[in-house]
Amino acid sequence: MSMENLTIFYRILNEDLSPLIDSSKTDYYIDFLKERYPEYTRQLKIKLNQMPTGYRIREFEELNFCDLESTKSLAMPEIHHKVGDILDFVCKQLQIKSQAVVENTILAESLGLNVELILKEDYQHLSVSKAKYFYYRILLDEAYSDITKGLHQKLFKLKNEEQIRLHIKKCQTLLSGYMNVVLQDCIPKELWNSLFQISDQYTVVDIFKIVYQTMEAIVVYIEKTFNRYLDTHLPVPYKSRLLLAIEHAEKLSEVLSHLEWSKLDYALHEIVTIPFEHLGILEPLAFSYHNHAYHEAYLLAFHEAIQQKEVLTNKKVFLILWSMNFNALKFFDYLTHEVHKEMKKKNTVETKLELLYYYQKLCNQLPVKTQLRYNTNLLPLKDQMSIWLQEEISYQKRKLKYTLGNTYLEEDEKGHLKMSVAQLSLFVRAFFETGLVEGTRQEFLQFVTRHYRTSQQENISFGSLKGKYYKIDTGTKRAVGRMMKRMLAHIESAGR
């Protein structure tokens with residue numbers, strides 16, 4: 001699919017195809033419909049209740065043009081009613097000319113009768129609003145077919161997966177933008193919960209609803225066909241949100257009920273339920289694919305925990321939130337507040353340090369079970385706590401140093417490295433990625449920040465060193481290269 005294929009939506013929203021400014025007359029729409037459907041056929045599905053004095057219409061559905069369904073030949077149960085009376089009643093109630101009925105099927109059911117009628121009518125009886133609506137409906141159906149077919153052809157010609165990923169992202173971005181315009185400018189917010197329901201009046205708003213439906217159908221097609229190329233930061237289709245809500249409604253109710261009678265403190269309970277409240281926000285374009293996946297995994301983690309039929313304590317909930325990488329700032333604040341509360345109970349700097357080292361050990365050892373995170377704009381929870389604990393340890397050690405005076409052990413003094421933090425990060429990366437250091441990358445970075453300083457920074461933060469570890473500029477590479485050449489020259493001349 002080239003980007004040109006999507007211009008139909010731009011034209012509908014801004015140019016000649018806009019239903020708001022389209023000045024075409026009824027004859028134009030009818031001529032369009034006649035080209036594709038030479039006969040104007042309607043299909044009526046009616047459910048009747050039998051009353052003591054006759055019949056009552058319980059349900060009614062009308063299908064036109066592209067919505068027509070093929071009638072199935074079913075064995076007709078014996079009907080102890082006069083077919084003519086039934087047809088007369090239906091035609092009178094729905095204001096249909098009996099001569100327009102070319103086919104009828106009447107089936108008995110437990111609650112009454114199912115009546116299906118096929119009508120052939122004159123196009124001149126078609127209202128302006130209905131003709132205009134089905135003009136757009138058919139136009140959009142054809143656009144969907146052309147766009148999805150063109151997408152396959154386009155991707156087949158691309159040379160590598162990165163080009164495919166980029167093209168899919170462009171399509172997602174463009175469609176999300178158009179869908180947002182339709183929602184914000186063309187459909188009142190109070191009608192968002194009925195985006196997939198069309199009124200009997202076939203209004204301009206109904207036309208914009210099918211414009212939205214068509215774009216979402218393309219997004220769903222892309223999702224199902226090219227799932228691994230999706231940009232997960234872009235919105236998930238509204239139907240997928242609704243399906244998630246329906247599929248997990250019972251699980252959500254069970255989890256919330258369990259949390260209500262659990263023994264969590266109030267602050268933690270408020271934090272835990274934040275994602276569950278978000279699951280109840282059923283608005284279009286409100287959730288990205290990443291958020292959609294995270295919230296589902298979060299709910300399933302809690303649902304699995306309550307299957308053990310045990311009360312969820314603060315500790316159990318903490319372990320779930322940690323394993324789910326729940327990196328919300330409110331949870332980070334809660335954790336640091338709890339650690340500070342424990343520290344206030346300690347009478348000496350040494351015991352406070354002992355407590356902090358214990359939590360640092362826990363932070364390094366507790367498993368995280370997902371690559372997802374609650375807030376993609378924040379560091380993972382483990383990194384947030386690692387940085388905070390290291391800063392607290394450094395502060396307490398400085399307090400201990402000044403408490404003991406100048407006799408403080410020299411081994412706790414940081415080594416001075418005559419290089420920038422960026423240059424140090426490249427040395428660290430070289431040591432780690434060439435296998436010269438055992439352990440994890442995080443442990444090595446923490447070791448360096450604890451024991452070394454540079455000429456510009458007395459205290460190197462973990463976040464700063466980690467950030468520069470992944471972002472190496474050309475100037476830093478050249479500077480470190482010159483240092484390593486001097487070191488290599490020194491090694492070559494050693495012992496001469």
Side-chain angles (χ1 to χ4, degrees), residues 1 5-9 11-13 16-20 22 24-46 59-73 94 96 100-105 115-152 175 178-179 182 186-187 191 194-222 224-225 237-239:
M1 173 179 66
N5 288 17
L6 293 174
T7 55
I8 184 173
F9 300 116
R11 291 173 62 198
I12 288 174
L13 294 173
D16 57 311
L17 283 177
S18 171
L20 294 173
D22 185 13
S24 300
K25 296 182 179 179
T26 308
D27 288 346
Y28 174 81
Y29 301 127
I30 290 178
D31 288 343
F32 175 89
L33 294 172
K34 281 182 176 179
E35 281 184 20
R36 289 151 177 84
Y37 299 90
E39 291 185 309
Y40 175 32
T41 304
R42 287 199 295 158
Q43 185 175 9
L44 305 183
K45 294 185 174 184
I46 307 131
E59 291 180 27
F60 170 72
E61 182 183 8
E62 178 181 340
L63 304 176
N64 295 266
F65 301 109
C66 47
D67 292 328
L68 293 175
E69 298 176 356
S70 60
T71 55
K72 298 178 180 178
S73 59
L94 300 179
I96 300 168
V101 180
V102 296
E103 185 180 335
N104 70 79
T105 306
V115 179
E116 185 172 319
L117 305 180
I118 302 296
L119 284 70
K120 299 287 186 184
E121 296 183 313
D122 193 320
Y123 265 106
Q124 299 308 315
H125 296 153
L126 195 62
S127 68
V128 177
S129 59
K130 198 171 184 179
K132 185 174 183 178
Y133 171 84
F134 278 101
Y135 163 76
Y136 279 98
R137 174 67 189 279
I138 294 167
L139 195 68
L140 288 163
D141 283 351
E142 292 174 357
Y144 172 86
S145 179
D146 291 341
I147 288 168
T148 51
K149 181 180 178 182
L151 182 58
H152 270 284
L175 287 166
Y178 286 148
M179 290 161 75
V182 170
C186 308
I187 303 177
L191 296 180
S194 62
L195 282 172
F196 296 92
Q197 297 171 10
I198 304 301
S199 73
D200 296 332
Q201 287 74 44
Y202 300 105
T203 64
V204 170
V205 171
D206 289 322
I207 292 173
F208 281 118
K209 282 184 178 181
I210 59 173
V211 172
Y212 180 91
Q213 291 171 22
T214 304
M215 290 190 285
E216 173 149 311
I218 296 168
V219 174
V220 170
Y221 175 83
I222 291 172
K224 291 181 177 179
T225 312
Y238 185 37
K239 276 190 175 179

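Quick caveat, the model's predicted, so the values are computed rather than measured. No hydrogens, no waters, no symmetry mates; every other heavy atom, side chains included, goes into these values.
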TODO: Could you please spell out the steps behind the side-chain contact (heavy atoms from CB on, under 4.5 Å) verdict for I12 and L140?
DONE: CA-CA 10 Å; I12 288 174; L140 288 163; 3.8 Å; yes
To the nearest 0.5 angstrom, please state how far the [atom1] atom of [X] sits from the [atom2] atom of [Y].
X	Y	atom1	atom2	result
N104	I46	CG	CD1	10.0 Å
I222	T148	CD1	OG1	9.5 Å
I218	Q213	CD1	CD	12.0 Å
L33	Y28	CG	OH	10.5 Å
L117	I96	CG	CD1	6.0 Å
Y133	I198	OH	CD1	4.0 Å

Does the side chain of [Y] come within less than 4.5 Å of [X]'s, by heavy atoms?
X	Y	answer
L68	I118	no
F9	V182	no
V211	M179	no
L175	L6	yes
L44	V115	no

Open item on the list: Walk me through whether N64 and Y37 qualify under side-chain contact (heavy atoms from CB on, under 4.5 Å).
Closed with: CA-CA 10 Å; N64 295 266; Y37 299 90; over 6 Å; no
Task: Non-neighbouring partners of K120 that pass side-chain contact (heavy atoms from CB on, under 4.5 Å), sequence neighbours left out - done: E39, T41, V102
Task: Residues which pass side-chain contact (heavy atoms from CB on, under 4.5 Å) with D122, listed by chain and number, not counting sequence neighbours - done: Q124, H125
TODO: List in chain and number order the residues that pass salt bridge (Lys or Arg N to Asp or Glu O under 4.0 Å) with D67, two or more places apart in sequence or in another chain; answer none if no residue qualifies.
DONE: R137
Open item on the list: With ring-ring contact (aromatic ring centres under 6.0 Å, His included) as the test, pick out the partner of Y29 among F134, F65, Y135, Y123.
Closed with: Y135
Open item on the list: Set out, in order, the CA-CA distance, both residues' side-chain angles and the distance that settles salt bridge (charged side-chain N to carboxylate O under 4.0 Å, His left out) for K45 and E62, then state yes or no.
Closed with: CA-CA 6 Å; K45 294 185 174 184; E62 178 181 340; over 6 Å; no
Open item on the list: Donor-acceptor check, side chain of K132 to backbone of P19, threshold 3.5 angstrom: yes or no?
Closed with: yes
TODO: Look only at the side chain of E116 and the backbone of Q43, and say whether a donor-acceptor pair between them is shorter than 3.5 Å.
DONE: no
- [ ] Taking only Lys NZ, Arg NE, NH1 and NH2, and the carboxylate oxygens of Asp or Glu, determine whether E142 and R36 approach each other closer than 4.0 Å.
- [x] yes
Task: Residue list, side-chain hydrogen bond (donor to acceptor under 3.5 Å, both in side chains) with E121, at least two apart or on another chain - done: R42
TODO: List in chain and number order the residues that pass side-chain hydrogen bond (donor to acceptor under 3.5 Å, both in side chains) with E216, two or more places apart in sequence or in another chain; answer none if no residue qualifies.
DONE: Y212
Task: Neighbour count above 12 (heavy atom, 6.0 Å) for K239 NZ - done: no
Open item on the list: Please determine whether side-chain contact (heavy atoms from CB on, under 4.5 Å) holds for the pair Y178 and L13, giving the CA-CA distance in whole Å, both sets of side-chain angles, and the decisive distance to 0.1 Å.
Closed with: CA-CA 8 Å; Y178 286 148; L13 294 173; 3.8 Å; yes
TODO: Check step by step if side-chain contact (heavy atoms from CB on, under 4.5 Å) holds for I138 and F32.
DONE: CA-CA 9 Å; I138 294 167; F32 175 89; 4.0 Å; yes
Let me have the donor-acceptor pairs involving side chains of residues 203-210, under 3.5 Å, with sequence neighbours excluded, atom names and distances please.
from, atom 1, to, atom 2, distance (Å)
T203, OG1, V205, N, 3.4
T203, OG1, D206, N, 3.2
T203, OG1, D206, OD2, 3.2
D206, OD1, S199, N, 3.2
D206, OD2, S199, OG, 2.4
D206, OD2, Y202, N, 3.4
D206, OD2, T203, N, 2.9
K209, NZ, S194, O, 2.9
K209, NZ, S194, OG, 3.2
K209, NZ, Q197, O, 3.0

